[in-house]
Amino acid sequence: MRLVFDENTPRVVAHAVKLIAEAETAGSADPLEVLHALDLVGKGTLDVPLIQKVADGSHARAALITSDKSMRTKLHERAAFTDTGCIGVVLRGNWSHASMWDRAHMSLLWWTAWITTVSASAPGLLWQCPWSMKPKALKPF
């Protein structure tokens with residue numbers, strides 16, 4: 001499985017989560033790859049090419065974690081999720097305005113919900129994740 005944080009998430013937050021995820025899945029038959037968008041594409045890459053790169057076909061499951069809520073309403077971006085099978089987790093509320101520390105903390109709190117959702121999701125679906133200290137099942141868009 002591959003999970004990629006978009007450019008709106010500080011790169012250091014994605015890399016901190018990556019270190020924990022790699023340690024947790026070390027030696028697993030189904031390793032987890034956690035990346036930041038800038039690990040895959042250049043700064044400012046448009047959303048459709050990013051979605052295509054996230055779901056490059058080499059992973060059974062691939063998801064983009066983003067705070068760009070317009071991805072659910074822009075038809076060409078929504079189509080990119082459907083066409084590639086990439087799953088979207090859209091962070092709602094204070095995610096884009098919180099400090100790096102708070103985003104890291106919340107990412108760790110929500111980690112299990114994200115993994116559970118992506119693991120069970122049909123390809124191409126978008127899910128919403130609220131800014132809440134009480135993780136729960138994600139709701140679809």
Side-chain angles (χ1 to χ4, degrees), residues 1-26 28-141:
M1 182 184 318
R2 171 189 270 184
L3 281 92
V4 178
F5 288 88
D6 75 356
E7 259 187 87
N8 296 318
T9 298
R11 199 171 191 177
V12 68
V13 170
H15 286 186
V17 172
K18 172 185 175 143
L19 290 172
I20 295 168
E22 286 177 350
E24 183 179 81
T25 61
S28 169
D30 186 21
L32 186 58
E33 182 180 26
V34 179
L35 300 167
H36 188 270
L38 296 178
D39 297 331
L40 295 173
V41 297
K43 186 174 175 91
T45 296
L46 296 175
D47 290 332
V48 170
L50 172 60
I51 294 164
Q52 292 168 338
K53 191 69 172 177
V54 170
D56 67 0
S58 63
H59 306 277
R61 296 266 180 214
L64 177 64
I65 300 172
T66 180
S67 56
D68 186 353
K69 66 182 178 197
S70 69
M71 284 191 180
R72 71 180 181 91
T73 57
K74 292 182 180 175
L75 295 180
H76 66 291
E77 292 177 6
R78 193 66 188 247
F81 281 101
T82 303
D83 294 345
T84 64
C86 185
I87 298 161
V89 175
V90 181
L91 307 174
R92 306 288 310 266
N94 199 41
W95 283 94
S96 16
H97 305 292
S99 73
M100 182 177 11
W101 289 106
D102 287 341
R103 288 194 220 186
H105 178 227
M106 292 296 278
S107 294
L108 294 174
L109 278 176
W110 280 91
W111 185 251
T112 302
W114 294 346
I115 294 297
T116 301
T117 300
V118 171
S119 295
S121 179
L125 289 183
L126 284 128
W127 300 88
Q128 54 184 317
C129 179
W131 178 265
S132 171
M133 296 291 283
K134 297 179 182 178
K136 54 189 171 198
L138 301 184
K139 293 182 181 179
F141 264 120

Side chains of [X] and [Y]: closer than 4.5 Å at any heavy-atom pair?
| X | Y | value |
| --- | --- | --- |
| I20 | V34 | no |
| D39 | R11 | yes |
| V89 | L138 | yes |
| V13 | S107 | yes |
| M106 | W111 | no |
| C86 | L64 | yes |
| L108 | V17 | yes |
| L91 | W114 | yes |

Any side-chain to backbone donor/acceptor pair from [X] onto [Y]? Under 3.5 Å, distance only.
| X | Y | result |
| --- | --- | --- |
| H36 | V12 | no |
| W110 | S132 | yes |
| R103 | A98 | yes |
| E7 | G44 | yes |

Which heavy atom in [X] sits nearest to a heavy atom in [Y], and how many Å separate them?
| X | Y | result |
| --- | --- | --- |
| A63 | V118 | CB-CG2, 3.6 Å |
| S67 | N8 | OG-CB, 3.3 Å |
| G42 | T45 | O-OG1, 2.6 Å |
| L32 | I115 | CD2-CD1, 3.9 Å |

[X] side, atom [atom1]; [Y] side, atom [atom2] - distance, nearest 0.5 Å:
| X | Y | atom1 | atom2 | result |
| --- | --- | --- | --- | --- |
| L38 | D6 | CG | CG | 9.5 Å |
| R61 | M1 | CZ | CE | 7.5 Å |
| I65 | L35 | CD1 | CG | 10.5 Å |
| Q52 | L46 | CD | CG | 10.5 Å |
| M71 | F141 | CE | CZ | 11.5 Å |

| Heavy atoms of other groups near L75 CG, more than 12 under 6.0 Å | no
| task | State which residues pass ring pair (Phe, Tyr, Trp, His ring centres under 6.0 Å) with W127; sequence neighbours excluded, sorted by chain then number. | result | none
| If you measure from the Lys or Arg side-chain nitrogens to the Asp or Glu carboxylate oxygens, is any gap between D47 and K74 under 4.0 Å? | no
| Sequence neighbours excluded - side-chain hydrogen bond (donor to acceptor under 3.5 Å, both in side chains) pairs with any residue from residues 77-98 | R92-Q128
